[in-house]
Amino acid sequence: MTQGHFYRHYGFTLRSDLALPHLLPGDVAAPVDIEIRLGPIADDRLAEAMHFRNWRAEPGEILFHAFGIGRLLIAGGTSITVDREAGATDAALVSIILGTGISALLMQRRILPMHACSIASDSGAILVIGRSGAGKSTLLGGLMAAGCTMLADDVTGVTVDDAGATAIPAFPAMRLWTDSLSLLDRDDDDKIQVREDIEKYYVAVDRFRQDPMPVRAVVLLQSHSGTGVLTRPVLMGNRVEALARYVHRKKFLRGLGLQPWGFDAVVKLAGSIDMVAIGRPATGATPAGMADAVIEYFGLSPALQPTP
């Protein structure tokens with residue numbers, strides 16, 4: 001099939017009925033790994049499956065309802081069927097597909113979707129996790145401005161085996177709120193609004209690594225009421241809980257029957273990496289100052305970072 005839009009995403013060839021801005025272009029002649037189709041989904045699909053708020057799931061399939069936007073049926077790690085609601089825009093659909101839809105699909109392929117931005121270093125990927133609003137994307141912007149190379153902005157794919165953990169890149173754009181754009185002086189003319197109802201924008205990046213690489217470390221980004229940027233190692237006993245908290249859409253694991261696999265993957269990830277908590281003061285922190293803390297802690301030399 002050569003109709004539709006073809007992309008590379010998390011290392012897979014993806015064909016989509018819907019244009020997905022900012023993804024890397026794919027090879028039309030390559031075998032398709034993932035299909036995204038627009039089409040109806042029966043109202044009673046997965047009616048007998050596990051329910052939780054706006055989703056239903058059973059091993060191999062999950063149905064997610066984004067109210068006012070549409071429903072996504074993610075099946076077998078190979079397809080996402082999108083049933084659009086009347087009035088839903090392409091931008092809103094793309095936001096849900098690239099977030100919730102792809103995270104569920106990665107789980108089905110036994111790839112842990114860590115809610116983390118990530119950069120490349122000369123000795124492996126460094127992931128940054130933290131609660132919403134902690135400043136992950138702003139820190140990423142600071143690291144990019146310092147010369148680092150990005151792997152992912154919001155969700156980094158992670159595979160884990162006996163040899164260790166591997167980070168899988170997403171696509172070459174950051175999603176930034178308007179205050180972050182101002183802090184980073186990145187009010188680019190060609191930025192694209194993620195959704196019409198939120199002040200968040202896609203901003204293209206010029207240093208992006210397409211190839212997977214081993215995970216070197218995870219930064220847990222936190223805030224504190226004091227002054228200055230604080231760093232402290234995260235002890236092994238606290239790592240599993242911290243990492244498990246930032247698996248994107250982690251409740252899906254239970255519905256998909258993947259809790260044992262997910263827990264095992266998190267435990268192996270915790271045991272294979274360095275992990276540090278970096279505390280951002282509630283006031284006065286700048287993207288450059290936070291980036292400097294990461295660069296100094298890991299002894300990074302941005303000029304020596306792997307080329308994209």
Side-chain angles (χ1 to χ4, degrees), residues 4-5 7 9-10 12 14-23 32-116 131-132 152-158 168 170-171 175 194-198 200 202 244-259 261-262 265:
H5 308 271
Y7 304 100
H9 196 37
Y10 291 105
F12 298 108
L14 183 156
R15 194 208 69 82
S16 174
D17 289 342
L18 195 66
L20 302 171
H22 300 298
L23 296 199
V32 172
D33 301 304
I34 299 167
E35 287 266 4
I36 297 178
R37 311 183 193 94
L38 294 172
I41 300 171
D43 290 341
D44 61 353
R45 187 65 179 258
L46 297 179
E48 304 301 321
M50 177 184 290
H51 289 58
F52 185 83
R53 295 181 182 171
N54 59 342
W55 59 264
R56 310 169 186 169
E58 65 182 22
E61 287 194 337
I62 185 164
L63 178 63
F64 176 81
H65 189 182
F67 297 108
I69 298 175
R71 295 185 301 153
L72 307 183
L73 178 66
I74 305 103
T78 60
S79 69
I80 301 177
T81 302
V82 182
D83 192 349
R84 180 200 295 257
E85 291 191 12
T89 65
D90 284 0
L93 285 171
V94 169
S95 175
I96 299 302
I97 292 169
L98 295 185
T100 297
I102 292 295
S103 286
L105 188 140
L106 291 177
M107 290 178 184
Q108 291 172 340
R109 285 181 168 270
R110 307 300 192 269
I111 297 172
L112 205 58
M114 292 302 299
H115 197 178
R131 63 174 177 75
S132 295
D153 163 56
D154 189 48
V155 175
T156 302
V158 174
I168 304 174
F171 59 91
R175 284 173 281 202
V194 173
R195 283 169 41 182
E196 293 81 355
D197 57 339
I198 58 175
K200 199 172 190 179
Y202 292 104
R245 190 181 306 146
Y246 294 106
V247 175
H248 193 228
R249 296 299 185 182
K250 56 184 176 291
K251 289 186 171 59
F252 287 179
L253 290 170
R254 182 182 176 198
L256 290 166
L258 294 173
Q259 268 190 320
W261 164 79

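Each residue takes its place number in the sequence, starting with 1.
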[X]: partners by side chain to side chain donor-acceptor pair (under 3.5 Å), with sequence neighbours left out:
{"X": "E61", "value": "R45"}
{"X": "R195", "value": "D197"}
{"X": "H5", "value": "none"}

Give a yes or no on whether the backbone of G68 and the side-chain of E85 come within a donor-acceptor separation of less than 3.5 Å.
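Yes; judged by distance alone, with no hydrogens or angles, the pair exists.
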Do S95 side-chain atoms and V194 backbone N/O form a donor-acceptor pair below 3.5 Å?
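Absent.
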Against the six-membered ring of Y10, is R109 placed for a cation-pi contact (under 6.0 Å from the centre, within 45° of the normal)?
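No, R109 does not lie over the aromatic ring of Y10.
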What closest approach, in Å, do [X] and [Y] show between heavy atoms, and which atom pair accounts for it?
{"X": "Y7", "Y": "A19", "value": "OH-CA, 3.4 Å"}
{"X": "F64", "Y": "I96", "value": "CE2-CG2, 4.1 Å"}
{"X": "G77", "Y": "I34", "value": "O-CG1, 4.2 Å"}
{"X": "A170", "Y": "H9", "value": "O-ND1, 3.8 Å"}
{"X": "R37", "Y": "S79", "value": "NH1-CB, 3.7 Å"}
{"X": "L18", "Y": "S16", "value": "O-OG, 2.6 Å"}

Can you confirm whether [X] sits close enough to [Y] that some side-chain heavy atom of one is under 4.5 Å from a side-chain heavy atom of the other?
{"X": "Q108", "Y": "T78", "answer": "no"}
{"X": "L253", "Y": "W261", "answer": "yes"}
{"X": "V247", "Y": "M114", "answer": "yes"}

Atom [atom1] of [X] and atom [atom2] of [Y]: how far apart are they, to the nearest 0.5 Å?
{"X": "I36", "Y": "I74", "atom1": "CD1", "atom2": "CD1", "answer": "10.0 Å"}
{"X": "T156", "Y": "I111", "atom1": "OG1", "atom2": "CD1", "answer": "12.0 Å"}
{"X": "E58", "Y": "L46", "atom1": "CD", "atom2": "CG", "answer": "5.0 Å"}
{"X": "L72", "Y": "H65", "atom1": "CG", "atom2": "NE2", "answer": "9.5 Å"}

List the atom pairs, donor and acceptor, that lie under 3.5 Å between side-chain atoms in residues 97-106 and the rest of the protein, sequence neighbours left out.
unit_1, atom_1, unit_2, atom_2, d
T100, OG1, R249, NE, 3.0
T100, OG1, R249, NH2, 3.0
S103, OG, G99, O, 3.2
S103, OG, H248, ND1, 2.6

So which pairs with a foot in residues 33-54 pass ring pair (Phe, Tyr, Trp, His ring centres under 6.0 Å), sequence neighbours left out?
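Checked against ring pair (Phe, Tyr, Trp, His ring centres under 6.0 Å) - neighbours excluded - the pairs reaching residues 33-54 are F52-W55.
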Can you tell which of N54, D83, V82, T81 makes a side-chain contact (heavy atoms from CB on, under 4.5 Å) with R71?
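Running side-chain contact (heavy atoms from CB on, under 4.5 Å) over N54, D83, V82, T81 with R71 returns exactly one hit, D83.
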May I ask you to decide whether D44 forms a salt bridge with R56, counting only side-chain N to carboxylate O separations under 4.0 Å?
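No, no charged N to carboxylate O under 4.0 Å.
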Mind checking what makes side-chain contact (heavy atoms from CB on, under 4.5 Å) contact with T89, not counting sequence neighbours?
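T89: side-chain contact (heavy atoms from CB on, under 4.5 Å) contacts with A91, A92, E196.
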Is atom CZ of R245 surrounded by more than 12 heavy atoms (other residues, nucleotides or ligands) closer than 6.0 Å?
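Yes, CZ of R245 has more than 12 neighbouring heavy atoms, counting only those of other groups under 6.0 Å.
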